[in-house]
Amino acid sequence: MTGHTKFSDLPNNTNAKWWKDPGMRIGFIHIITLYTAVYSLGYDGSLLNGLQALEEWNHDFDKPTGTKLGLIAASYYLPKIPLTFVIAWMVDRYGRKLGLYFGALFMFAGALLGGFSHSLSQLIGSRVLLGAGTAAAQVTAAALVPELAHPRIRHYAGGFLNTTYYIGSIFAAWLTFAMVYYPGTSSWSWRVPTLVQGFGPLLLGLGAWFIPQSPRWLVKKGRAEEAHKILATYHANGKMDDELVLLEMREIKASVELEKVSEKASWLAWFHTRGNLRRFFVIIILGTATQWVGNGVVQYYLVPVLKTVGVSRPAQTTGVNGGLAIWNWFISMFGASLVERFGRRPLFLTSIIGMFASFVMILGLAGGYNSTHHEATGVAMIPFIFIFMGFYSLALTPLPMLYVPEICPLALRAKAAALLLLAQNCAQSFNQFANPVALAAISWKYYAVYVGVDVIYIALFWFMIRETKGLTTEEAAVVYDPDHVQEANMEAERRMHQEAIKVAHAEHTDKKTVEEEEYKV
């Protein structure tokens, strides 16, 4: 197979160091603005944990546990299930920026309603708004970051997108920790961090005004000249005939032609071949694993978990929550940096086996504490919570959104990303109902369920996950096909790329240029 010419091989009107280049600096600010969408997800994850440790929040909402606490948590995720597909259609039809405005508005409104809530129904309503807003912002940001990033930093811009979840988590965790020491018994101890949740959406909404429209979307809508100007502005400091910019434009046009092929594939295509059926199950396995390996208990119900081993003082529980957020952030960045060095399959297996071993220890220590009520036994569970979440963040934070698109043929990649998000949101919605009810009913014994679930996922990962390290796009897209059809499918993928290049180059009559671009593909 021929090699692929790197973007770095082409002359480009930018400084070698992006922070010294005006166009790339502004583009980087746009990407940081888009990161606030994922930041907002992480903020909510830690906020609910922290609020459960605040006495005034419990007093104002009648100490929610069991089904009531589950409803509060699930109301954030339930709207995401139907909205994922609606928003994907909306931003594809009317432009990416509309998704940013929609997300920022709903998240900001949700933060205001939550911060001034006086009843459970108002609190739940605020979380519905927040869930709808984060769904719009997340889907849009995930599409825009790679579409706007300069090719030199695109890999890093996309790879570190999900790690910003933990930046929001850190901020919320330590803000609620500070609110433990809020003077008096005012409800502002929980209202302040809830209102501060609107800070991220505010930045996103204001920043969206300056963020350019997606060049890919503009080309798809027949507005190629606008797309060309945007790429030239941010990728070549305004130089319209820059070689890298011209190549990007040709590749975008080719990609748009390829999308016409992918749009013909229906959802039933998952069941048409053995390879697609395997991919379907792998995506469901990964989507549910991100929520069902035990992290759902720790991330959203850390306070009830710690209470099962006698750690109940607000300063203790909020402190653990804050430390855990920082730990998760560092480990997720570390995992993202190991993807090409160690491969996907080793990281997935290390993650799930490590989580299983950690949860066995958590179960044992929780059972020992409840038998002996020895304080040291209960406190010993805290390090194993950190170890468990470290193994989780190593692979299940950075890898799924990278692995799922690359194992699918072009015609199914967009649907694969939507299927992954659907599996995650369904699993998480179930979690938010089941976990608090089970913790209230059987306490620490509930951990045994996740030990068993982790054993199942170890088997599924071992037999289902295949390696894609070092493979080209065409090679990675066929790893789940039977051996005898892999070469045929790879050839079909190559032919699709070649045909798209020919269509995209129709306006170019220079034979040498066309031959060079076909060789690159």
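Since this is a predicted model, take the numbers as computed values, not measurements.
Scanning all heavy atoms of the two residues, the minimum distance from Pro398 to Ser393 falls at CD-O, 3.3 Å. When all heavy atoms of Thr290 and Asn295 are compared, the closest pair comes out as O-ND2, 2.8 Å. Listed here is the closest heavy atom pair of Trp329 and Thr163: CD1-O, 3.2 Å. Here the shortest heavy-atom pairing between Asn237 and Gly23 reads OD1-N, 2.9 Å. When every heavy atom of Leu175 is checked against every heavy atom of Pro193, the shortest pair comes out as CD2-CA, 3.6 Å. Residues Ala74 and Ser429 come closest through the heavy atom pair CB-O, 4.1 Å.
For the atom pair Thr14 OG1 and His235 NE2, the distance stands at 9.5 Å (nearest 0.5 Å). Put simply, CD1 on Ile407 and CZ on Arg278 are 12.0 Å apart, with the number rounded to the nearest 0.5 Å. Note that the CH2 atom of Trp217 and the CZ atom of Arg223 stand 5.0 Å from one another [nearest 0.5 Å]. Atom CG of Leu268 sits about 11.5 Å away from atom CG of Asn276, to the nearest 0.5 Å. Thr194 contributes atom OG1, which lies 9.5 Å from atom CG of Leu130 (distance to the nearest 0.5 angstrom). For the atom pair CD1 (Ile81) and CD (Gln424), the distance works out to 12.0 Å, reported to the nearest 0.5 Å.
In this structure, Lys97 is not positioned above the aromatic face of Tyr94 in the sense of NZ or CZ being under 6.0 Å from the six-membered ring centre and within 45° of the axis.
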Determine, step by step, whether Phe391 and Leu396 satisfy the side chain to side chain contact (heavy atoms under 4.5 Å, CB included) criterion, reporting the C-alpha distance in whole Å, the side-chain angles of both residues, the deciding distance to 0.1 Å, and the verdict.
-> CA-CA 8 Å; Phe391 278 114; Leu396 291 185; over 6 Å; no
Salt bridge (Lys or Arg N to Asp or Glu O under 4.0 Å) assessment of Arg279 paired with Asp481 | CA-CA 9 Å; Arg279 294 182 183 95; Asp481 289 317; 2.9 Å; yes
Run the side chain to side chain contact (heavy atoms under 4.5 Å, CB included) check on Arg127 and Asp44 step by step: do they pass?
-> CA-CA 9 Å; Arg127 292 185 59 74; Asp44 183 82; 2.8 Å; yes
Would Val196 and Phe171 satisfy side chain to side chain contact (heavy atoms under 4.5 Å, CB included), going step by step from the backbone distance to the final call?
-> CA-CA 10 Å; Val196 170; Phe171 189 26; 3.9 Å; yes
Side chain to side chain contact (heavy atoms under 4.5 Å, CB included) between Gln138 and Leu41, intermediate numbers included = CA-CA 8 Å; Gln138 183 185 16; Leu41 286 170; 3.6 Å; yes
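A donor-acceptor pair under 3.5 Å links the side-chain atoms of Asn13 to the main chain of Ala236, judged by distance alone. Between the side chain of Arg96 and the backbone N or O of Leu144, no donor-acceptor pair lies under 3.5 Å. Thr140 places no side-chain N or O within 3.5 Å of a backbone atom of Ala137 that could act as its donor or acceptor partner. Side-chain atoms of Asn431 never come within 3.5 Å of backbone atoms of Trp292 as a donor-acceptor pair (strictly under, hydrogens ignored).
When side chains are defined from C-beta on, Lys220 does not count as touching Ile252, because their heavy atoms never get closer than 4.5 Å. A 4.5 Å side-chain heavy-atom check between Asn328 and Phe386 finds every atom pair outside the cut-off. Side chains of Ile211 and Thr33 form a contact here, defined as non-hydrogen atoms less than 4.5 Å apart. Side-chain atoms of Asp241 and Lys239, non-hydrogen and from C-beta on, do get closer than 4.5 Å to each other. At a threshold of 4.5 Å between non-hydrogen side-chain atoms, the residues Val282 and Arg466 do not count as touching. Leu349 has its side chain out of reach of Ile465: every pair of non-hydrogen atoms, C-beta onward, lies at least 4.5 Å apart. Counting only heavy atoms from C-beta outward, the side chains of Trp174 and Ser169 never approach each other to under 4.5 Å. Using a 4.5 Å cut-off on side-chain heavy atoms (C-beta onward), Arg344 and Glu406 make contact.
The aromatic rings of Tyr39 and Tyr43 sit tilted relative to each other, their planes meeting at an angle between 30° and 60°.
Side-chain rings of Phe348 and Tyr403 approach one another, their centers coming within less than 6.0 Å. The aromatic ring centroids of Tyr392 and Phe388 lie 6.0 Å or more from each other. The aromatic ring centroids of Phe28 and His150 lie 6.0 Å or more from each other.
Partner of His30 under the ring-ring contact (aromatic ring centres under 6.0 Å, His included) criterion, chosen from Tyr234, Trp209, Phe210, Tyr35: Tyr234.
For NZ of Lys229, the number of neighbouring non-hydrogen atoms (other residues, nucleotides, ligands) closer than 6.0 Å is 12 at most. Applying the 6.0 Å contact sphere to CZ of Phe199 captures no more than 12 heavy atoms from other residues, nucleotides or ligands. Atom CZ of Phe271 is surrounded by more than 12 heavy atoms from other residues, nucleotides or ligands within 6.0 Å.
For the residue pair Ser332/Tyr165, the side-chain donor-acceptor check at 3.5 Å is not satisfied. Side chains of Thr468 and Arg345: no donor on one and acceptor on the other come within 3.5 Å.
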